[in-house]
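Down below is the structure, laid out as structure tokens.
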Amino acid sequence: MNLLHEIFNEQSTTAKMLLDNELERVKLISAKKAMRYGSSITRWLVSLALASILLAMLAIALASYLSLLLESVALGYLATAGIFLVILIVWWVSAKKMVSTVIMNLALKEIYGDE
């Protein structure tokens, strides 16, 4: 009976160690995926910020150029705003479903990329 008790205790300890190791492995995998996803989001946000600054500078340059052509600062900036409004309307109407699908696919790729 004492031998059976020792074997049971040894097996119980081994099972606890295996369970603890598996739990740590799952935690590490989850942390790795979370960090990869977080870094991807950060990279996209920085890229978006830089692209926004570039777009703003290009818009100012276009407005200045159109102001020279139209010989009116107000008309140059108004024409630039009109161009952006047309682009925005086209984007809003045509790309709503496409963008959500692309974002969802990127998120799933980041989360389940290893598997």
Side-chain angles (χ1 to χ4, degrees):
M1 187 70 169
N2 195 14
L3 179 63
L4 185 61
H5 185 65
E6 284 181 30
I7 292 173
F8 179 74
N9 281 341
E10 185 178 310
Q11 292 299 321
S12 176
T13 304
T14 304
K16 286 178 187 177
M17 285 176 30
L18 287 174
L19 186 61
D20 288 342
N21 288 340
E22 184 65 20
L23 185 60
E24 286 299 316
R25 188 181 75 80
V26 169
K27 285 180 185 178
L28 287 173
I29 289 171
S30 299
K32 177 183 172 185
K33 287 183 179 183
M35 290 300 118
R36 185 181 310 141
Y37 192 61
S39 68
S40 177
I41 288 173
T42 303
R43 186 176 60 245
W44 279 98
L45 288 175
V46 169
S47 298
L48 181 64
L50 292 174
S52 297
I53 292 169
L54 177 66
L55 184 63
M57 294 298 140
L58 289 174
I60 292 170
L62 177 64
S64 298
Y65 178 72
L66 289 177
S67 295
L68 290 175
L69 287 179
L70 298 173
E71 297 178 357
S72 171
V73 175
L75 285 178
Y77 280 88
L78 187 62
T80 303
I83 292 169
F84 278 110
L85 182 62
V86 169
I87 292 171
L88 178 66
I89 290 171
V90 169
W91 172 261
W92 189 260
V93 169
S94 66
K96 190 173 184 181
K97 176 118 176 127
M98 181 185 68
V99 170
S100 64
T101 303
V102 168
I103 290 173
M104 194 167 35
N105 287 339
L106 284 172
L108 289 174
K109 181 181 173 188
E110 287 296 325
I111 293 172
Y112 297 107
D114 292 343
E115 298 168 7

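Treat the numbers as computed from the prediction; the structure is a model and nothing was measured.
Expressed to the nearest 0.5 Å, how far CD1 of Ile89 lies from CZ of Phe84 amounts to 14.0 Å. The line from CG of Leu69 to CG of Leu62 is 9.5 Å long, rounded to the nearest 0.5 Å. Taken to the nearest 0.5 Å, the CG atom of Leu23 stands 14.5 Å off from the NZ atom of Lys16. Taken to the nearest 0.5 Å, the CZ atom of Arg25 stands 14.0 Å off from the CG atom of Asp20. With values rounded to the nearest 0.5 angstrom, Leu58 atom CG is found 11.0 Å from Thr80 atom OG1. The structure places CG of Leu45 at 10.5 Å from OG of Ser52, a figure rounded to the nearest 0.5 Å.
Only one option out of Ile87, Leu85, Val86 pairs with Ile83 in a side chain to side chain contact (heavy atoms under 4.5 Å, CB included); it is Ile87.
The two residues Gly76 and Leu70 come nearest to each other via the heavy atoms N-CD1, 4.2 Å.
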Show the numbers, then the answer: is there a side chain to side chain contact (heavy atoms under 4.5 Å, CB included) between Leu54 and Leu50? CA-CA 6 Å; Leu54 177 66; Leu50 292 174; over 6 Å; no
Let me see the working for Tyr77 and Leu66 under side chain to side chain contact (heavy atoms under 4.5 Å, CB included), right down to the final yes or no. CA-CA 8 Å; Tyr77 280 88; Leu66 289 177; over 6 Å; no
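Using a distance-only test at 3.5 Å, with no hydrogens or angles considered, no donor-acceptor pair links the side chain of Ser40 to the main chain of Arg36.
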